[in-house]
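Below is one structure; the comments refer to it alone.
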2 protein chains.
Amino acid sequence: MREKKAMTQIDRRTEKLTTALRRAGVRITRQRAALLSVLAEAEDHPEAIELQRRAEAVVPGISLSTVYRTLTELEHQGVILRHQFEGTPARFEHSEARHHDHMIDVETGEVIEFANDRIEALQAEIAEAMGYEIVHHRLELYVRRKRAPGDPD
Amino acid sequence: MREKKAMTQIDRRTEKLTTALRRAGVRITRQRAALLSVLAEAEDHPEAIELQRRAEAVVPGISLSTVYRTLTELEHQGVILRHQFEGTPARFEHSEARHHDHMIDVETGEVIEFANDRIEALQAEIAEAMGYEIVHHRLELYVRRKRAPGDPD
DNA sequence: CTCTAGTTGCAAGTGATTTGCATTTGCCTT
DNA sequence: AAGGCAAATGCAAATCACTTGCAACTAGAG
Ligand SMILES: [Mn+2]
Ligand SMILES: [Mn+2]
Ligand SMILES: [Zn+2]
Ligand SMILES: [Zn+2]
């Protein structure tokens with residue numbers, strides 16, 4: 001039942017994360033390998049504790065310290081992103097996808113991604129006009145689902 | 001030496017903050033009065049501890065808990081804003097000025113304000129297009145001063 | 001001036017994340 | 001295959017920025 005040929009997108013992501021760690025000269029331990037594939041598989045923006053839960057399926061005893069330590073290293077290598085949304089612990093995602101910003105539904109906590117080139121361009125212009133260049137930025141829209149006229153509660 | 005007529009801008013701001021607290025049904029204590037005028041006078045984005053330091057000029061023993069408690073109340077009344085920039089404790093400012101966003105010089109920590117209607121409009125459009133309305137948002141540009149060609153180090 | 005509910009300062013508690021340290025463990029070197 | 005050792009792990013304790021419990025105060029209505 002083991003596929004030999006098909007390298008899935010997730011495998012590729014896992015490899016990229018692994019490579020980043022090797023490049024940093026760190027060892028690929030069981031716990032790290034588990035965490036890397038959990039990150040590669042994630043479609044959402046999980047917190048450290050949730051990543052630990054998911055990794056425990058493979059490495060039962062993995063500690064939260066190890067999760068945090070590895071996340072910090074991966075962040076330094078630039079292969080994952082750490083987001084600090086309002087009112088929650090930090091959330092993480094791999095940085096494979098191209099840049100995007102986030103909307104957070106204040107009612108449900110759901111995180112929705114979006115990208116807009118005009119906004120990105122405007123930001124750069126503004127900074128430029130004031131004599132600065134952007135190192136990085138953070139744009140978060142805290143939103144509420146809009147009721148269409150005549151919608152039920 | 002006491003001016004009777006001239007109500008300065010700062011006096012007006014202090015009054016607005018005071019009114020907000022009274023409206024909330026809370027008492028104007030010595031410590032609160034001090035904090036309110038410190039906030040009204042502030043031209044920058046001070047942290048709670050810095051506000052405490054400034055208030056101590058008037059009320060020597062004012063505790064940090066009281067500062068935090070009052071700041072939280074003022075925030076709930078909508079007369080001050082709490083900003084959570086990366087890597088620092090929360091910073092505060094009165095909300096007299098119209099809406100603006102912030103650039104943070106990653107080298108110096110300096111906070112620079114800016115406002116751009118096109119960005120604001122675009123944000124609203126994006127949310128709208130996805131069926132949401134914006135409750136509030138957060139746009140922070142982490143920047144570095146740009147070296148003009150031929151500038152000294 | 002009195003009375004009392006709101007407020008204060010202080011100490012202790014929280015929640016997320018980091019760190020110290022003794023014990024394992026990857027993995028390069030024989 | 002075995003050895004050696006720096007790096008990594010797990011656990012407990014520490015940190016940081018606030019928040020909260022509580023007994024002693026005090027603003028301010030009557
Ligand atoms: Mn995302
Ligand atoms: Mn500002
Ligand atoms: Zn962006
Ligand atoms: Zn804005």
Side-chain angles (χ1 to χ4, degrees), chain A residues 17-39 45-56 58-77 80-93 109, chain B residues 17-39 45-77 80-92 109:
Chain A
L17 296 174
T18 306
T19 304
L21 282 192
R22 284 198 206 290
R23 196 188 322 130
V26 306
R27 295 175 184 167
I28 308 304
T29 59
R30 267 172 318 127
Q31 17 284 80
R32 279 177 176 161
L35 188 53
L36 297 186
S37 73
V38 161
L39 278 166
H45 300 80
E47 310 178 356
I49 285 206
E50 172 60 17
L51 289 167
Q52 181 197 28
R53 263 191 291 271
R54 295 183 194 178
E56 277 195 303
V58 182
V59 187
I62 186 171
S63 79
L64 195 50
S65 328
T66 294
V67 170
Y68 272 115
R69 277 190 281 241
T70 304
L71 288 172
T72 298
E73 185 60 47
L74 290 166
E75 187 191 10
H76 287 156
Q77 295 305 313
I80 66 168
L81 295 170
R82 178 192 301 249
H83 300 294
Q84 192 59 256
F85 300 137
E86 289 177 5
T88 62
R91 311 180 83 90
F92 303 83
E93 69 177 323
Chain B
L17 296 175
T18 305
T19 304
L21 283 192
R22 283 199 204 290
R23 197 189 319 132
V26 305
R27 292 176 186 167
I28 308 304
T29 59
R30 269 173 316 127
Q31 19 283 80
R32 279 177 177 161
L35 188 53
L36 296 186
S37 74
V38 162
L39 277 166
H45 300 80
E47 309 179 355
I49 285 204
E50 172 59 19
L51 289 167
Q52 181 197 26
R53 264 191 290 272
R54 296 183 194 179
E56 278 195 303
V58 183
V59 187
I62 187 170
S63 79
L64 194 50
S65 329
T66 294
V67 172
Y68 273 115
R69 275 189 282 239
T70 305
L71 288 172
T72 299
E73 185 60 47
L74 290 167
E75 188 192 9
H76 286 156
Q77 295 305 313
I80 66 168
L81 294 170
R82 179 191 302 249
H83 300 294
Q84 191 59 256
F85 299 138
E86 289 178 5
T88 61
R91 309 180 84 90
F92 303 83

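As a basis for the values below, the full set of heavy atoms in this structure was taken, side chains included, without hydrogen atoms, waters or symmetry mates. First the proteins, then the strands, lettered A, B, ... as listed; each starts at 1.
- Of all non-hydrogen atoms in A:Ala48 and A:Tyr68, the two that sit nearest each other are CB-CZ, 3.4 Å.
- Among the protein residues, B:Glu73 comes within range of no part of the nucleic acid, since none of its heavy atoms lies under 4.0 Å from any strand.
- In this structure a side-chain-to-backbone donor-acceptor pair under 3.5 Å is missing from A:Thr66 to A:Ile62.
- Between A:Leu81 and A:Glu75 the shortest side-chain heavy-atom distance does not fall below 4.5 Å.
- Taking a 4.0 Å limit (strictly below) on heavy-atom distances, residues 48-70 of chain B reaches DNA chain D at B:Ser65, B:Tyr68, B:Arg69.
- Counting only heavy atoms from C-beta outward, the side chains of A:Glu93 and A:Ile80 never approach each other to under 4.5 Å.
- Contact annotation for B:Gln31: backbone-only contact, meaning every heavy-atom pair under 4.0 Å involves sugar-phosphate atoms and none involves a base.
- Residues B:Arg30 and B:Arg82 each lie close to DNA chain D; by heavy-atom proximity, the contact nearer the 5' end of the strand is made by B:Arg82.
- Rounded to an integer number of Å, the gap from B:Leu74 CG to C:dT7 P is 12 Å.
- Note that the OG1 atom of A:Thr88 and the NE2 atom of A:His83 stand 11.0 Å from one another [nearest 0.5 Å].
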Can you give each donor-acceptor pair under 3.5 Å made by side-chain atoms of residues 54-61 of chain B, sequence neighbours left out, with the distance rounded to 0.1 Å?
unit_1, atom_1, unit_2, atom_2, d
B:Arg54, NE, B:Glu50, OE2, 2.7
B:Arg54, NH1, B:Asp44, OD1, 3.2
B:Arg54, NH2, B:Asp44, OD2, 2.7
B:Arg54, NH2, B:Glu50, OE2, 3.3

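- Atom CD in B:Gln84 sits roughly 14 Å away from atom C1' in C:dG15 (whole-Å rounding).
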Protein N or O to nucleotides 3-6 of chain C N or O, pairs below 3.5 Å:
unit_1, atom_1, unit_2, atom_2, d
C:dA5, N3, B:Arg27, NH1, 3.4
C:dA5, N3, B:Arg27, NH2, 3.2
C:dG6, O4', B:Arg27, NH2, 3.3

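- What you find for A:Gln52 and A:Ser63 is that their closest heavy atoms are NE2-C, 3.8 Å.
- Between B:Ala90 and B:Ile28, the residue whose closest nucleotide on DNA chain D is further toward the 5' end is B:Ala90.
- In this structure, A:Gln84 and B:Glu86 have side chains that are not in contact, with every pair of non-hydrogen atoms separated by 4.5 Å or more.
- Between the axis at the start and the axis at the end of the helix from C:dC1-D:dG30 to C:dT30-D:dA1 there is an angle of 30°, using five pairs per end and rounding to 10 degrees.
- Between A:Leu64 atom CG and A:Arg69 atom CZ the span is 10.0 Å, to the nearest 0.5 Å.
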Could you give the side-chain donor-acceptor pairs of residues 28-38 of chain B under 3.5 Å, partners two or more places apart or in another chain?
unit_1, atom_1, unit_2, atom_2, d
B:Thr29, OG1, B:Arg32, N, 3.2
B:Arg32, NH1, B:Arg27, O, 3.0
B:Ser37, OG, B:Ala34, O, 3.2

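- You can see that DNA chain D meets the heavy atoms of chain B within a 4.0 Å-exclusive cut from D:dA17 to D:dG28, reading 5' to 3'.
- To the nearest angstrom, P of C:dA16 lies 19 Å from NE2 of A:His83.
- Taking each heavy atom of B:Glu47 and B:Arg91 in turn, the nearest pair found is OE2-NH1, 3.3 Å.
- Contact annotation: the side chain of A:Leu71 approaches that of A:Leu39 to within less than 4.5 Å [non-hydrogen atoms, C-beta and beyond].
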